[in-house]
Amino acid sequence: MKGGLPFGRLTDYTQPDRLRQRGVDQGKCQKNELFFFFFPGTVEHGFPHQPSALAFDPKLQLMAIGTKSGAIKVYGAPGVEFTGLHKDTTAVTQINFLPGQVSELYAIVPPTKKKEKKKQNKTKKHTNVITPPPFLLLPSATRVTVLLLLKSCDLLCIGTEGGGVYFLQLPCLSLKDNQTLLQDQVTKSLPDDYRCGKSLGPVESLQEHPQQSGKILIGYSRGLVVLWDLSTRYADQLFLGKQQLESLVWERTGNLFVSSHNDGGYSVWPVTSSNTYNHQPVTSTIPYGPFPCKAISKILYRTTQTGSPVLLYSGGMPRASYGDRHCLTIQQDKEHITLDFTSRVIDFFTIQSPEPEKEFDDPSALVVLLEEELVVIDLQSPGWPSLPTPYLAPLHSSAITCSCHISSVPPKLWERLVNAGKAQHGLQQTWPISGGKNLALPSKQQELLLTGHEDGTVRFWDASGVALTPLYKLSTANVFHTDCDPSDDPQDPSDDPDMQQEEEWPPFRKVGCFDPYSDDPRLGIQKISLCKYSNKLVVAGTAGQVIVLGLSDERSDHLVDVSVVDLLQDREGFTWKGHDRLEPRLKPAPFAPGFQPLVLVQCLPPASVTAVALHAEWNLIAFGTSHGFGLFDYHRRNTVLARCTLHPNDSLAMEGPLSRVKSLKKSLRQSFRRIRKSRVSGKKRTINTPTSKVQEANAALAEQEEVAPVQRRIEPRSADDSLSGVVRCLCFADTFLRDGTHHGPTLWAGTNSGSVYAYALEVPCVGSGRVSDRGGASESSVCVEAVLGKEIQLMHRAPVVSICVLDGRGKPLPDPYEASQDLAIAPDMTNAHSVLIASEEQLKVFSLPKVSAKTKFKLTAHEGCRVRKVALVVFSSAAQEDYSEHTLVCLTNLGDMHLFNIPGLRPQVRYDCIRKEDISGIASCVFTKNGQGFYLISPSEYERFSLSAKVVTEPLFSVQLDRLLEPTPAG
């Protein structure tokens with residue numbers, strides 16, 4: 001078996017994706033009469049992680065991308081996509097489509113042996129498992145270097161590292177022994193002076209003659225190119241190249257071909273029947289010489305009606321000056337552009353008419369697969385501009401730091417966002433990859449996914465369907481002075497003739513949007529909140545900056561108001577040792593149409609913002625850091641409240657996430673203290689005294705009365721733990737806090753130490769007794785006031801993850817403006833309200849205003865896990881129209897989902913969703929209000945899942961096939 005090349009085909013077509021790999025039952029659902037819950041993996045958004053291969057079917061207009069993890073993803077028109085995934089991690093190195101059959105041939109490199117497999121796809125599902133194939137052994141101990149599928153689709157040519165070329169009969173995958181071409185046969189035909197005992201090296205390229213079927217070009221690493229006739233098994237012509245070969249490409253008529261080499265040059269060779277040996281090419285050029293250059297790894301030659309061919313090649317840069325650049329060159333006559341990318345070029349192809357009777361190629365587009373993104377160049381428009389991608393956008397163009405989902409976006413807001421995005425992207429061009437037909441019905445509701453990034457940008461994505469399409473990008477960097485501020489440059493390089501002379505060659509053009517380097521890490525976005533009815537947006541960052549933005553359709557030059565909020569409140573004994581605050585601009589700055597900053601609230605100390613809440617109807621924002629929380633009236637530009645939550649031992653809170661002064665000795669000391677305290681407390685509980693025994697018996701009886709299952713013992717957390725003052729969540733609510741008869745605005749805050757603060761707010765024109773007459777004092781003259789109403793300390797001091805107020809029917813309160821504008825059912829204000837507080841260890845409902853416990857569920861005690869994310873979701877029945885229920889969804893540190901009814905907190909169903917080792921995936925998870933969710937499966941990909949039986953987003957499309965592949969005989 002050693003060194004064999006196994007082949008196989010895929011006949012099993014199921015929908016397993018990553019969940020089946022973890023043993024999750026895809027059909028698992030909550031079997032009740034109303035049928036609420038179902039858990040399928042639906043679709044993946046973003047750019048494939050670690051792409052390794054690319055292919056294109058010109059007839060079906062489908063593109064395939066293979067990855068190092070063994071995935072093959074096929075894309076056509078927006079909404080047409082499906083995925084094949086190996087059970088084992090197996091790198092895909094090459095892909096070839098069987099034209100018109102939605103089938104592919106591809107080479108893979110598994111961890112232990114080199115393999116080659118064959119895959120056959122259908123179009124009803126979007127994900128399939130590639131099952132282990134039957135083995136077919138070839139007499140070769142070397143890996144596959146290149147594949148060539150003949151146009152007749154009946155023969156596959158395989159070049160190997162040992163220099164042999166093998167031929168497989170399709171579709172039965174049988175080896176044609178009489179066709180095998182070994183190096184010895186070729187060497188015998190060479191002149192003695194060229195042979196000289198040297199090996200020809202691996203097969204680097206195989207290309208079929210464009211006009212004469214049965215003839216192929218075989219290129220060897222040493223530089224030899226052979227025109228081989230498969231019918232006569234004889235070399236028609238030998239091209240005796242002396243430079244190491246990288247790639248070959250035919251000219252459309254077959255009268256010449258072009259070879260690229262490792263010295264950064266390319267050569268044009270004529271194909272004639274007069275001479276068997278061809279020693280010299282017609283032309284040989286090193287475009288970026290004369291100094292040593294890097295290899296041209298791939299080259300394409302396309303003819304045009306204008307007469308001048310288009311030459312496209314990757315690499316070839318001068319080693320000393322630009323050896324670290326990732327470039328692809330396009331040149332036609334006197335036009336010459338060097339596309340400069342920020343990541344490595346994997347492969348590329350051009351899109352042109354597949355009709356063989358066409359006289360010219362006339363390519364319409366260039367598609368370049370890079371390591372971190374996909375770039376498409378319009379070759380028909382002057383200047384060769386790049387096209388915006390409707391899918392495969394690099395979510396990680398800057399590292400994602402947070403995300404937020406907005407459902408049921410109002411049409412007016414959607415239209416304004418689309419227009420702002422068009423102003424950024426320019427005119428929308430037709431997407432050149434148009435295979436298949438999207439059969440999915442248009443979404444009834446528009447959905448937004450907002451992602452915050454390390455470089456201070458917020459990107460808006462259309463998440464309504466299968467394709468995650470970029471809509472609009474907001475940058476917050478121009479609010480501040482940064483290290484790379486363009487206005488700080490003393491001189492424009494374009495005004496310097498010396499600089500112009502230096503930059504003329506090569507003619508670089510920056511292309512693509514992947515930029516992993518941030519000008520200033522303090523710009524990173526940590527929290528996002530958007531009010532879809534008032535078009536107000538709040539973004540908060542790493543350096544304590546909280547920016548309130550409003551939507552505008554016009555460009556504006558204005559100065560942003562700045563307010564500073566000191567959360568320490570002059571508390572003594574604390575010194576901030578972390579990063580400095582960002583310096584705001586003191587002069588008016590230009591802001592493009594879209595969201596424009598209105599006011600900047602700067603927290604001091606400038607620690608990372610850990611929580612934010614927006615209530616646009618009251619013109620209030622709340623924000624929290626590791627030091628405390630604040631309340632700000634952005635309409636009156638007034639600080640309403642600043643509360644410090646620091647404990648005297650919270651020294652680590654003063655160092656900041658970017659500080660380098662953290663003491664390892666201090667961290668170890670605190671860890672040993674916690675261990676010592678837990679041991680001491682454990683010993684104290686084992687003292688056999690009558691009193692302690694009675695207490696233990698009473699406690700056991702109380703626990704048995706409350707819950708039947710055996711519970712784990714939970715150790716209370718010490719109040720001396722560092723970072724106990726971190727504010728984890730904030731919540732606005734119109735509820736009963738002072739008494740049971742008068743309701744009004746409130747603010748709730750939860751901390752890392754299990755403390756909950758509830759403030760009663762006096763907001764002008766809101767609440768009973770606060771409505772001012774129009775003839776009285778002006779609204780702006782009355783300030784918002786905040787009075788502490790309740791302070792709750794949870795047992796065990798577990799961090800508070802979420803706070804939500806429930807109305808008299810046990811339903812969550814509607815969002816701002818929903819009740820006042822009749823956009824949602826008004827909350828029940830006649831019966832008593834309650835508040836749901838979710839900590840890392842348990843879920844608990846308290847009655848209001850007395851704050852007495854009503855019900856709870858001890859998740860850590862029962863399941864041995866901790867709460868990481870909590871959301872209140874509306875589940876619609878798939879069996880009964882117009883019926884829905886609110887459900888509490890809880891994601892734990894083990895990656896499983898627990899669903900509870902509210903307010904009773906009865907467990908409904910549990911699903912395994914994310915691997916417990918995938919810490920970043922769990923941390924990045926965000927829920928939608930209709931029962932779906934997103935989480936990062938890689939830095940560049942979101943997995944979309946659905947917990948709802950009714951709301952599922954998945955591909956639905958058709959592909960018109962030229963012909964079906966005949967079944968392979970068993971065995």
Side-chain angles (χ1 to χ4, degrees), residues 538 546 563-571 601 603-604 611-625 627-647 725 727-751 753-773 776-794 800 802-807 813 816 827 829 832-837 846-852:
V538 175
V546 183
S563 296
V564 178
V565 179
D566 184 7
L567 296 179
L568 290 183
Q569 294 294 289
D570 300 326
R571 183 174 293 197
V601 181
C603 302
L604 291 181
V612 73
L614 165 66
H615 201 295
E617 199 169 4
W618 301 340
N619 298 318
L620 294 176
I621 58 169
F623 44 87
T625 70
H627 308 119
F629 58 92
L631 180 64
F632 187 81
D633 183 346
Y634 61 83
H635 178 65
R636 302 169 182 82
R637 307 293 197 266
N638 177 46
T639 302
V640 179
L641 168 69
R643 171 69 185 257
C644 181
T645 56
L646 280 177
H647 188 272
V727 178
R728 295 287 296 271
C729 58
L730 293 162
C731 170
F732 286 108
D734 184 358
T735 188
F736 303 90
L737 186 61
R738 291 173 173 171
D739 54 60
T741 56
H742 300 90
H743 64 87
T746 60
L747 170 66
W748 299 73
T751 71
S753 60
S755 299
V756 177
Y757 304 92
Y759 281 81
L761 308 179
E762 295 289 340
V763 180
C765 301
V766 178
S768 56
R770 292 299 302 173
V771 179
S772 60
D773 296 328
S778 64
E779 181 186 335
S780 60
S781 64
V782 182
C783 295
V784 180
E785 298 177 2
V787 179
L788 182 62
K790 306 288 182 181
E791 187 171 343
I792 308 169
Q793 180 60 58
L794 300 180
V800 180
S802 174
I803 301 173
C804 179
V805 175
L806 309 177
D807 68 3
L813 298 180
M829 292 299 191
H833 285 197
S834 55
V835 58
L836 169 63
I837 299 177
F846 297 88
S847 62
L848 291 178
K850 293 184 178 180
V851 194
S852 57

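We count residues from 1, following the sequence as given. Any value given below was found using the heavy atoms of this structure, including those in side chains, with hydrogens, waters and symmetry copies removed.
- Ring pair Trp618/Phe732 is perpendicular by interplanar angle, where above 60° counts as perpendicular and below 30° as parallel.
- The salt bridge (Lys or Arg N to Asp or Glu O under 4.0 Å) pairs that include a residue from residues 737-746 are Arg738-Glu762, where partners are two or more places apart or lie in different chains.
- Summarising the geometry, atom SG belonging to Cys783 is positioned 7.0 Å from atom CZ belonging to Arg636; distances are rounded to the nearest 0.5 Å.
- Taking the side chain as every heavy atom from C-beta outward, Leu737 and Lys790 approach each other to under 4.5 Å.
- In this structure, a donor-acceptor pair under 3.5 Å is present between the side chains of Ser852 and Ser847.
- In this structure the side chain of Phe632 never reaches within 4.5 angstrom of the side chain of Asn638, judged on heavy atoms.
- A side-chain donor from one of Thr735 and His833 sits under 3.5 Å from a side-chain acceptor of the other.
- Listed by chain and residue number, nothing satisfies the salt bridge (Lys or Arg N to Asp or Glu O under 4.0 Å) test with Asp566 (two or more places apart in sequence, or in another chain).
- Side chains of Tyr759 and Thr746 form no contact here, defined as non-hydrogen atoms less than 4.5 Å apart.
- Within the 4.5 Å cutoff, side-chain heavy atoms of Met829 are placed close to those of Phe736.
- Side-chain atoms of Pro764 and Val784, non-hydrogen and from C-beta on, do get closer than 4.5 Å to each other.
- Residues Tyr634 and Leu614 are in side-chain contact: their nearest non-hydrogen atoms beyond the backbone lie under 4.5 Å apart.
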